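Contents: one structure, followed by commentary.
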Number of protein chains: 2
Amino acid sequence: MPTISKEDYLKSIYTLNLQDDKAVSTSNLAAKLEISNAAISEMSKKLYDLGLISYEKYKGVELTKEGKRIALKILRRHRLWELFMIKVLNLNWDEVHDEAEKLEHHTSDFLIDKIDEYLGFPEFDPHGAPIPSKDGVLPEMPKLIPLNNCEIGRKYQVLRVVDSPSELISYLGRIGMNIHSNIEVVEKLSFDNSIIVMLDNVNHSLSEKVVDKIFVKEIEED
Amino acid sequence: MPTISKEDYLKSIYTLNLQDDKAVSTSNLAAKLEISNAAISEMSKKLYDLGLISYEKYKGVELTKEGKRIALKILRRHRLWELFMIKVLNLNWDEVHDEAEKLEHHTSDFLIDKIDEYLGFPEFDPHGAPIPSKDGVLPEMPKLIPLNNCEIGRKYQVLRVVDSPSELISYLGRIGMNIHSNIEVVEKLSFDNSIIVMLDNVNHSLSEKVVDKIFVKEIEED
DNA sequence: TTTGATTTTTAAGCATGCTTAAATATTATA
DNA sequence: TATAATATTTAAGCATGCTTAAAAATCAAA
């Protein structure tokens with residue numbers, strides 16, 4: 001198994017690669033991991049030699065099959081720990097991320113499988129993020145629509161809030177917006193790309209930054 | 001907070017110092033931590049500079065007040081994690097030690113206090129080891145008598161089985177010897193220092209190695 | 001109490017993973 | 001398309017925490 005640093009690299013490459021499906025650039029990775037570009041370059045060579053990423057100088061990196069397998073393993077541990085702390089220990093969502101960030105590197109397969117079992121083999125965490133199974137398989141995911149692509153007057157169901165600062169997380173909690181909340185897009189303000197949505201008959205203005213984190217699906221009305 | 005290695009040093013110094021109340025020698029520490037004497041010497045200097053141990057060359061080390069505070073903190077984390085995995089996740093005693101050995105270095109005060117609360121602020125783990133409180137205080141401990149100091153024909157209650165290989169742990173489990181079991185010393189065989197005890201009306205022979213791990217208290221018969 | 005064995009320390013070296021500064025490649029712009 | 005700006009890589013250096021080998025101190029036994 002790779003070191004903690006290597007696990008973090010692989011996880012970050014995975015999540016950055018999900019956002020846009022291209023090779024991940026050195027500087028993007030450096031920003032995400034909050035370390036220097038130089039350190040990324042060095043590590044890229046090492047991970048390439050280990051067969052965990054593909055890497056061409058100046059062209060960014062992508063996970064190999066084995067690299068992805070490990071990234072999903074870390075993601076599994078992270079999300080299961082988060083869910084466990086929330087469900088069992090009654091921590092708040094914004095309290096668990098940093099803890100999980102540490103525990104994910106120090107949990108055996110044996111232990112995480114026990115936690116998985118205890119939780120009843122959940123497929124999604126409380127923010128809609130999919131949890132890889134023991135075998136590294138992601139659950140079937142409905143097609144996610146970015147909230148900023150939605151049409152005015154239409155109703156949607158919130159399916160996913162991607163990893164966000166804990167401030168945003170607790171804000172959304174306060175206004176009652178959770179996974180599976182139903183919302184209606186009331187207005188889209190193009191001058192600042194904010195969106196006004198109706199939730200439980202109350203209007204809320206969501207800034208561009210917030211909107212970018214939220215993904216929904218259409219609700220079939222019949 | 002110190003590094004993982006430093007936490008391990010402090011914990012080991014604490015437990016070795018409990019066994020005999022003298023300064024802990026370089027080679028004893030090296031054996032316990034399974035690293036070279038040279039590494040111990042180096043680290044001793046560093047921990048001394050940090051004010052966590054007292055250290056005179058060639059004379060071994062002892063914890064300062066602050067060093068002991070940290071050692072107890074790690075011990076608290078270790079024992080609470082073990083108990084948690086056993087009670088909540090249904091792991092066996094011999095499965096939890098290695099996991100706890102890792103988790104103890106990556107658990108915030110906040111999280112371990114939540115676990116403590118979940119468990120109802122336990123004072124002892126399943127082998128009778130005391131769990132330091134949030135404030136670093138050990139619970140009141142009855143005076144422990146080593147099993148090999150016991151008298152034939154007398155009845156005792158098992159109070160503590162000190163850290164042992166998982167084989168021994170599962171053996172004791174199988175014969176039904178747990179914390180608070182009542183036993184009677186039937187015979188002491190001086191040629192191999194083994195002891196025969198009666199437990200639930202069945203005699204069991206315990207080798208010297210086993211006997212050394214078990215501590216009891218007298219049962220008042222009236 | 002002196003010599004020989006044992007323990008401890010010092011010294012040199014290595015791997016990991018970071019840093020900053022300089023060199024080099026890529027890209028964007030005029 | 002040449003040049004300037006940006007991105008990336010290389011190089012040198014540092015901290016941590018280990019190793020082995022050699023030197024030095026302590027302990028034990030004759």
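Chain letters run A, B, ... following the sequence lines, proteins first and then strands; every chain starts at 1. Note that this is a predicted model, so its numbers are computed, not measured.
Using a distance-only test at 3.5 Å, with no hydrogens or angles considered, no donor-acceptor pair links the side chain of A:Arg160 to the main chain of A:Ile214. Checking side-chain atoms of A:Arg79 against main-chain N and O of A:Ile131 turns up no donor-acceptor pair under 3.5 Å. Between the side chain of B:Thr64 and the main chain of B:Gly51, a donor-acceptor pair closer than 3.5 Å is present. Side-chain N or O atoms of A:Gln19 include none that pairs as donor or acceptor with a backbone N or O of A:Leu16 at under 3.5 Å. Checked by atom type and distance alone, the side chain of B:Arg77 pairs as donor or acceptor with a backbone atom of B:Thr107 at under 3.5 Å.
One atom, CG of B:Leu33, and another, P of C:dT8, lie 14 Å apart when rounded to the nearest Å. Here the C1' atom of nucleotide D:dT9 and the CD1 atom of A:Ile40 are 13 Å apart, to the nearest Å. B:Glu56 has its CD atom 10 Å from the P atom of D:dT26, to the nearest Å.
Ion pairing of B:Lys134 with B:Asp109 is absent here, as no side-chain N (NZ or NE/NH1/NH2) approaches a carboxylate O to less than 4.0 Å.
With sequence neighbours excluded, the residues that form a side chain to side chain contact (heavy atoms under 4.5 Å, CB included) with A:Ile152 are A:Val185, A:Lys188.
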Under 3.5 Å, which protein N or O atoms sit close to an N or O of nucleotides 3-5 of chain D? Give each pair with its distance.
none

Can you give me the N/O atom pairs linking the protein to nucleotides 17-21 of chain C at distances under 3.5 Å, or say none if there are none?
unit_1, atom_1, unit_2, atom_2, d
C:dG17, OP1, A:Thr3, OG1, 2.3
C:dG17, OP2, A:Lys6, NZ, 2.8
C:dC18, OP1, A:Ser5, OG, 3.3
C:dC18, N4, A:Glu42, OE1, 3.3
C:dC18, N4, A:Glu42, OE2, 3.2
C:dT19, OP2, A:Ser36, N, 2.9
C:dT19, OP2, A:Ser36, OG, 2.7

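Residue pairs meeting the side-chain hydrogen bond (donor to acceptor under 3.5 Å, both in side chains) criterion with at least one partner in residues 35-46 of chain A, sequence neighbours excluded, do not occur; the list is empty.
Considering only side-chain N and O atoms, A:Ser27 lies nowhere under 4.0 angstrom from the phosphate OP1 or OP2 of D:dT6. Neither OP1 nor OP2 of D:dT8 sits under 4.0 Å from any side-chain N or O of A:Tyr55.
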May I have the list of side-chain donor-acceptor pairs in residues 136-151 of chain B shorter than 3.5 Å, sequence neighbours left out?
unit_1, atom_1, unit_2, atom_2, d
B:Asn148, ND2, B:Asp212, OD1, 3.4
B:Glu151, OE1, B:Arg154, NH1, 3.4

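Within 6.0 Å of the NZ atom in A:Lys68, the count of heavy atoms belonging to other residues, nucleotides or ligands does not exceed 12.
Residues A:His105 and A:Asp8 bring a donor and an acceptor atom of their side chains to less than 3.5 Å of each other.
Across all strands, A:Ser41 comes closer than 4.0 Å to base atoms (heavy-atom distances).
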Item to check | Under 4.0 Å protein heavy-atom contact, by nucleotide of nucleotides 24-29 of chain C - B base, S sugar-phosphate only | outcome: BSS---
